[in-house]
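The next block holds one structure in the form of structure tokens; read it before the comments.
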Number of protein chains: 2
Amino acid sequence: MLELVTIKQTKEELGKWCKLQRDRFELSQQELADQLGISRYTIQKFESGRNSTIDTVLKIAHHFEDLEKFYNGVKSYNEQNTNRSLY
Amino acid sequence: MLELVTIKQTKEELGKWCKLQRDRFELSQQELADQLGISRYTIQKFESGRNSTIDTVLKIAHHFEDLEKFYNGVKSYNEQNTNRSLY
DNA sequence: TATATTTGTTTATTATAACATACATTATGC
DNA sequence: GCATAATGTATGTTATAATAAACAAATATA
């Protein structure tokens with residue numbers, strides 16, 4: 001049964017994705033770890049493609065989803081309110 | 001930051017999904033475990049929504065993907081060859 | 001009903017994910 | 001250049017995922 005994508009590759013891609021999101025939101029490993037209430041080591045391990053738990057994956061995924069929503073929310077608010085006088 | 005879907009719920013849904021796939025392919029926990037080279041206890045824990053590792057999730061997911069492909073392959077082969085004489 | 005299979009659960013053990021901390025190396029800013 | 005921050009690694013410890021085995025309860029099968 002040919003496996004086009006290996007488990008190892010998937011974990012590596014998950015790690016890269018985390019790093020990309022972290023860069024996008026300008027967060028250091030330590031900041032992300034603090035925001036999630038987990039250790040920097042866990043982030044480090046995840047980003048380098050090592051094995052982790054579902055909890056870790058979902059904490060990270062949810063967090064970036066939330067950041068995305070928050071960012072979009074603020075952006076659309078700003079867009080609606082540009083060119084509107086503050087007085 | 002409102003979390004519409006909790007991590008707990010996601011793990012529970014993952015567990016239900018595994019059970020559904022297993023029923024679909026008529027596999028017992030033991031059979032699935034054997035095919036994946038992991039213990040039945042790990043399957044049991046995963047299906048009951050407990051925390052697991054990425055490896056476990058991906059092993060299970062890949063396996064059912066493969067079974068799906070295999071099933072579809074055999075099905076389409078059979079469809080192409082029905083009504084064709086064996087002689 | 002009786003038997004066999006499957007599943008949920010427990011116990012003891014092993015492997016390893018996660019933590020805390022420190023330190024060296026590598027960017028980044030002044 | 002230097003100083004600061006960020007990252008990669010290492011060490012020792014703790015928590016827990018995973019294993020192996022056994023057993024009872026629930027389900028399916030004869």
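As the structure is a prediction and not an experimental result, all values here were calculated from the model. So that the names make sense, note that chain A is the first sequence line, chain B the second, and so on, each numbered from 1.
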Inset, instruction - Consider the side chain of A:T53, meaning its heavy atoms from C-beta on, and name the nucleotide among C:dA18, D:dA18, D:dT7 that approaches it most closely. - result: C:dA18

Legend entry - Short N-O contact, A:R24 and A:E68, less than 4.0 angstrom: yes

Inset, instruction - Please confirm whether the backbone N or O of B:S52 pairs with a side-chain atom of B:T56, one donor and one acceptor, at under 3.5 Å? - result: no

Legend entry - B:T42, nearest nucleotide to its side chain (from D:dA17, D:dA18, C:dT7): D:dA18

Inset, instruction - Starting from P on D:dG8, measure out to CG on A:L32 and report it in whole angstrom. - result: 13 Å

Inset, instruction - Measure from the side chain of A:T56, starting at C-beta and using heavy atoms only, and say which of C:dC19, C:dA17, C:dA18 lies closest. - result: C:dA18

Inset, instruction - Could you tell me whether A:Q44 contacts a base, only the sugar-phosphate backbone, or nothing, with contacts defined as non-hydrogen atoms closer than 4.0 Å? - result: base

Inset, instruction - Measure the distance from CZ on A:F46 to C1' on C:dT16 and round it to the nearest whole Å. - result: 17 Å

Inset, instruction - May I have the distance from A:I43 (atom CD1) to C:dA20 (atom P), rounded to whole angstrom? - result: 13 Å

Inset, instruction - State plainly whether the residues B:K16 and B:E12 are in salt-bridge range, i.e. N to O under 4.0 Å. - result: no

Legend entry - Length of the CD-C1' vector between A:Q29 and C:dT25, whole Å: 14 Å

Legend entry - Rounded interatomic separation in angstrom, taking CD from A:E31 and C1' from D:dA6: 10 Å

Legend entry - A:Q21 side chain vs A:C18 backbone, donor-acceptor pair below 3.5 Å: no

Legend entry - Nucleotide of D:dA17, D:dT19, C:dT7 approaching B:S28 most closely (side-chain heavy atoms): C:dT7

Legend entry - Separation of atom CD in A:E26 from atom C1' in D:dA5, rounded to whole Å: 14 Å

Inset, instruction - Map A:R40 and B:S52 onto DNA chain D by nearest heavy atom, then report which one ends up closer to the 5' terminus. - result: A:R40

Inset, instruction - Report the distance from atom CG of A:L58 to atom P of C:dA18, rounded to the nearest whole Å. - result: 12 Å

Legend entry - side-chain N/O A:S48 vs D:dG8 OP1/OP2, d < 4.0 Å: no

Legend entry - Nearest-Å distance for atom pair CG/P, residues B:D55 and C:dA15: 16 Å

Legend entry - Side-chain donor or acceptor of B:H63 paired with backbone N/O of B:L58 under 3.5 Å: no

